[in-house]
Amino acid sequence: MGDLSDRYDPASVEPRWYREWESRGYFGADPAAAKTPYSIVIPPPNVTGSLHMGHALDNTLQDILIRYKRMDGANALWVPGTDHAGIATQYVVERQLAAEGKTKEDLGRAAFLARVWQWKAESGGTIITQLKRLGASCDWSRERFTMDPGLSAAVREVFVRLWEEGLIYQDDYIVNWCPRCQTVLSDLEVEREERDGEFVYIRYGPLTLGTVRPETKLGDTGLAVHPKDRRYATYVGQTLEVPSVQGIVSIRVVADEAVDPAFGTGVIKVTPGHDPVDFEIGRRHGLPVRTVIGFDGKMTALAGPYAGLDRFECRRRIIEDMQALGLVERIEPYRHAVGLCYRCKTVVEPLVSTQWYVNVKPMAEVALAAVRTRKIRIVPRSWTRTYEHWMKNIRPWCVSRQLWWGHRIPAWYCAADGSVHVSRTDLSACPDCGGAVRQDDDVLDTWFSSGLWPFSTLGWPEETSDLAVFYPTSVLVTGYDILFFWVARMAMFGLRIMGDVPFRDVYIHTLVRDAEGQKMSKTKGNVVDPLAFMDTYGTDAFRFTLGALAVPGVRDIRIAEDRIEGYRNFANKIWNAARLVLANLEGYAPERTRRAHLGIADRWIRSRLRATVKATRRALDRYRFNEAASIVYQFMWHEFCDWYLEIAKSRLYQMGDPVARAAAQRTAVEVLETTLRLLHPFMPFITEELWQRLPHSGESIMMAPYPKPARGTHDAAAEGEMASVIAIVGAIRSIRSESRIAPGVEVPVIIRPADAAAAARIGETGALIASLARARLEVVPGAVRPPHSAVAVTADAEVYVGLAGIVDLEAERQRLAREIERTAREVAQLESKLGRAEFVERAPAEVVERERGRLAEQHARHAKLATSLGALE
RNA sequence: AGGCGGGUAGCUCAGCUGGGAGAGCGCGGCCCUUACAAGGCCGAGGUCGCGGGUUCGAUCCCCGCCCCGCCUACCA
């Protein structure tokens with residue numbers, strides 16, 4: 001085939017094959033198929049988002065697994081889909097409106113939602129197209145969206161059930177409020193950031209206390225000290241009349257364990273309306289909530305003269321006013337953590353309001369047990385601790401959001417009798433009194449619907465065959481950043497609703513950082529676009545890079561461009577190896593060759609292939625993507641290309657010896673074809689393109705069987721002989737290189753085998769050695785070093801390279817001296833080790849034996865080299 | 001504060017149950033040898049953070065320390 005260019009051009013191959021696979025229906029799974037099910041649900045990306053590095057890694061790994069299992073005979077299903085991403089999507093559309101000078105209130109709820117749906121229609125296809133570009137073999141006929149009718153029905157069903165079971169309830173509680181987004185945030189949605197602030201010591205009559213939030217003083221309804229703090233015992237229970245910016249105020253002193261007597265003055269002010277700890281203290285002691293900061297982040301009417309001020313402006317003003325009144329004892333600089341909205345980074349305001357909660361505690365216990373009993377296996381296992389810690393300390397999950405985009409809470413309020421009704425169907429009248437009802441304005445936290453993803457996508461609450469066959473899913477692949485947000489919630493919901501784990505394995509991978517190890521973010525401007533990498537280096541090279549970087553561990557990986565370039569070169573290497581093979585297939589007739597015709601190299605590469613197949617499968621089975629990648633890489637490049645093809649070339653060109661040629665052809669084709677299948681999950685496109693051109697059976701590599709270790713191909717003898725060849729050839733090449741012998745010049749070489757067995761081996765492989773080392777070879781048992789020759793010693797031979805007229809005596813002396821020194825060090829080390837009685841007595845016999853063998857070998861080597869050096873004169 | 005993880009070749013990192021220190025890139029030398037210069041061959045380069053301990057033997061296990069990350073947290 002002379003029509004292959006000498007460079008692999010991904011752009012001309014990739015789109016063609018993806019279309020082909022898709023149109024032939026290879027991605028689809030059939031629940032009725034009589035095969036072992038293997039299923040994955042995609043972590044749904046934001047519907048209006050675009051592919052970033054994290055997605056690329058996540059989905060490449062999933063595709064590797066699903067392609068591997070599909071080839072390996074499983075009924076493989078990969079369910080794709082997208083998430084409505086409530087707050088994120090709403091935020092984007094709100095910004096679009098702002099650019100037009102409008103707000104969502106200007107549009108009203110219905111029109112705003114229409115606008116979001118429109119935006120979804122416009123941009124929702126982007127990420128799907130990009131996933132296809134990546135080669136993701138998802139079953140697109142099963143694509144889902146969290147706000148599809150079916151999935152919305154699942155959300156409502158779960159909400160109602162949990163309500164009926166008393167696990168969902170409403171509560172007046174202190175929440176994390178984002179004054180900018182105008183919504184409550186779950187604890188997980190609040191980011192912590194260290195900031196410099198001021199610690200202000202304020203006088204409260206006889207007591208002094210420190211605070212970083214003096215403006216909340218206006219909402220104080222108590223003071224608290226530790227119950228065992230003797231300093232303040234006399235004040236506990238008293239109501240103090242203290243001067244303040246609002247005149248004399250009455251304030252009660254309570255004793256509470258939450259106070260740390262060693263911090264500050266040991267006295268705290270209690271502001272139940274604006275601090276979570278204070279809220280709890282207030283509840284314990286019956287202190288009233290006094291809300292002085294509103295949902296807009298401004299001071300309320302209760303703040304008296306400060307009403308209407310921004311909370312931070314109020315802080316400055318109140319400090320000044322207190323200083324004027326002599327109420328400030330001192331101010332110290334103070335660094336502390338503030339809570340920020342994960343979306344817009346606005347400082348979160350703790351506020352009391354009515355919200356919907358899920359009592360996750362009982363579900364968490366079950367989900368915790370599932371991991372402990374290994375019904376869910378977390379890989380790598382180190383994440384189980386983190387998971388356990390979180391599950392054990394879990395608090396009620398606030399699920400209502402004051403947003404418009406999302407699943408509206410299925411609760412209706414009756415204006416007439418004040419009753420609340422949670423219902424599977426929309427209500428138009430109060431079931432109790434028939435009065436008018438109004439649905440709750442809020443929507444559910446995005447993670448509520450994604451928590452149902454493993455079963456809602458398979459059709460639940462309908463009893464579908466998909467659900468019966470593919471649930472629980474086989475593995476969930478995701479980054480550690482959403483272990484709590486998502487993985488833990490799926491575990492809880494799956495066990496509660498389905499009565500079974502949502503997935504058997506969870507493979508947690510790391511995050512992708514830039515080359516400097518920085519987290520990628522739009523604001524930092526260091527976001528690298530995976531599409532650009534695919535354009536420049538090809539999708540296969542990019543995927544292979546991600547696979548090779550996917551180390552089991554918690555250390556984040558850096559995307560390094562030179563690495564991708566290296567694997568681009570790898571793709572090119574494969575391409576050219578295939579070119580060589582394809583160009584020499586004329587008259588290929590595998591049925592006419594027999595095992596007996598196979599040469600050493602043929603047997604060797606087949607034996608190595610077997611080991612490679614075994615190791616690759618083992619690595620993939622354990623989610624060691626990097627190992628699998630490196631094993632195949634090593635084999636393909638450094639064994640198949642560097643040695644086998646180099647050796648096979650001469651036979652492939654040898655039209656005069658059809659038997660030898662056929663054996664080489666057959667081996668080259670079979671090994672290459674198998675390696676392509678082995679590589680396919682990592683590099684789907686190039687492997688398909690080449691596989692199609694090679695002799696093969698079946699219509700596509702992606703539906704061909706994944707290689708299994710071929711029986712009868714393990715060949716210790718051939719591996720031993722090739723190891724000997726490689727060592728001798730390496731020794732000769734090394735001498736050639738150091739002695740500056742031009743590559744074209746043939747050198748005379750005399751080989752002295754170490755023993756009869758070695759002589760036999762080298763007798764078999766002599767011609768091979770000669771051609772690989774460009775040598776005129778003589779095998780002479782008991783040979784002495786000829787004059788003007790350089791010497792090398794391998795495990796089973798002494799090698800004399802004749803350098804008459806070329807050899808530089810002094811250079812050779814130095815080379816030998818270095819070699820001898822190295823060997824002597826080795827010998828000394830081994831001798832001291834073996835000289836210790838404890839080692840010989842207590843180490844396992846095989847270890848001692850191996851060390852003895854090595855010593856003998858090095859000893860002999862040392863002696864031979866020393867002799868040679870002596871003979872140099 | 002607690003938890004987790006990292007410190008191995010110039011750079012980025014592997015090193016799975018303790019027993020010969022590896023890869024890629026980079027670097028130096030020689031080669032455009034008809035599959036591939038996105039290539040071939042040869043080579044240099046490491047006190048495995050520091051100090052103890054366990055062990056016949058430690059990059060690996062234990063303790064302490066020094067740096068660097070990350071996550072969780074109601075010290076106002």
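What you see below is based on every heavy atom in this structure, not just the backbone, and it leaves out hydrogens, waters and symmetry mates. Order of the sequence lines sets the chain letters (A, B, ...), proteins ahead of strands, with each chain counted from 1.
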Exercise for review: Tell me whether the guanidinium CZ or amine NZ of A:K573 lies under 6.0 angstrom from the six-membered ring centre of A:F640 and within 45° of its axis.
Suggested key: no
Revision key, fill the gap. Closest to the side chain of A:R854, out of B:rG20, B:rA76, B:rA38, is B:rG20
Check your understanding: Given the side-chain rings of A:Y567 and A:Y633, with only the six-membered ring counted for Trp, is the space between their centroids under 6.0 Å?
Key -> yes
Check your understanding: Can you tell me how far P of B:rG20 sits from CG of A:L855, to the nearest Å?
Key -> 14 Å
Check your understanding: Does A:S734 put a side-chain nitrogen or oxygen below 4.0 Å from OP1 or OP2 of B:rG43?
Key -> yes
Check your understanding: Between atom CD in A:E627 and atom P in B:rG15, what is the gap in whole Å?
Key -> 7 Å
Exercise for review: For RNA chain B, determine which residues of residues 480-489 of chain A have any heavy atom closer than 4.0 angstrom to one of its atoms, and list them numerically.
Suggested key: none
Check your understanding: Closer than 4.0 Å, any side-chain N/O of A:R850 to the OP1 or OP2 of B:rG20?
Key -> yes
**Study point:** Pairing residues for A:D481 by the side chain to side chain donor-acceptor pair (under 3.5 Å) criterion, not counting sequence neighbours
**Key:** none
Check your understanding: Is there a side-chain polar atom (N or O) of A:Y387 under 4.0 Å from OP1 or OP2 of B:rU72?
Key -> no
Point to revise | Contact state string [nucleotides 21-26 of chain B, B base, S sugar-phosphate only, - no protein heavy atom under 4.0 Å] | key: ---SS-
Practice item. Check step by step if salt bridge (Lys or Arg N to Asp or Glu O under 4.0 Å) holds for A:R854 and A:E857. Key: CA-CA 5 Å; A:R854 283 176 55 211; A:E857 196 179 296; over 6 Å; no
Point to revise | Distance, rounded to the nearest Å, where A:E191 contributes CD and B:rC70 contributes P | key: 12 Å
Check your understanding: Looking at the rings of A:F263 and A:F199, which for Trp means the six-membered one, are their centres under 6.0 Å apart?
Key -> yes
Check your understanding: With a cut-off of under 6.0 Å to the ring centre and 45° to the axis, is A:R330 in cation-pi contact with A:Y201?
Key -> yes
Practice item. Kindly indicate whether the side chain of A:R624 and the base of B:rC16 share any N or O donor-acceptor pair separated by less than 3.5 Å? Key: no
Exercise for review: Could you tell me whether the phosphate oxygens of B:rA35, OP1 or OP2, come under 4.0 Å of any side-chain nitrogen or oxygen in A:K649?
Suggested key: yes
Check your understanding: Using a cut-off of less than 4.0 Å, is there contact between a side-chain N or O of A:R836 and OP1 or OP2 of B:rC56?
Key -> no
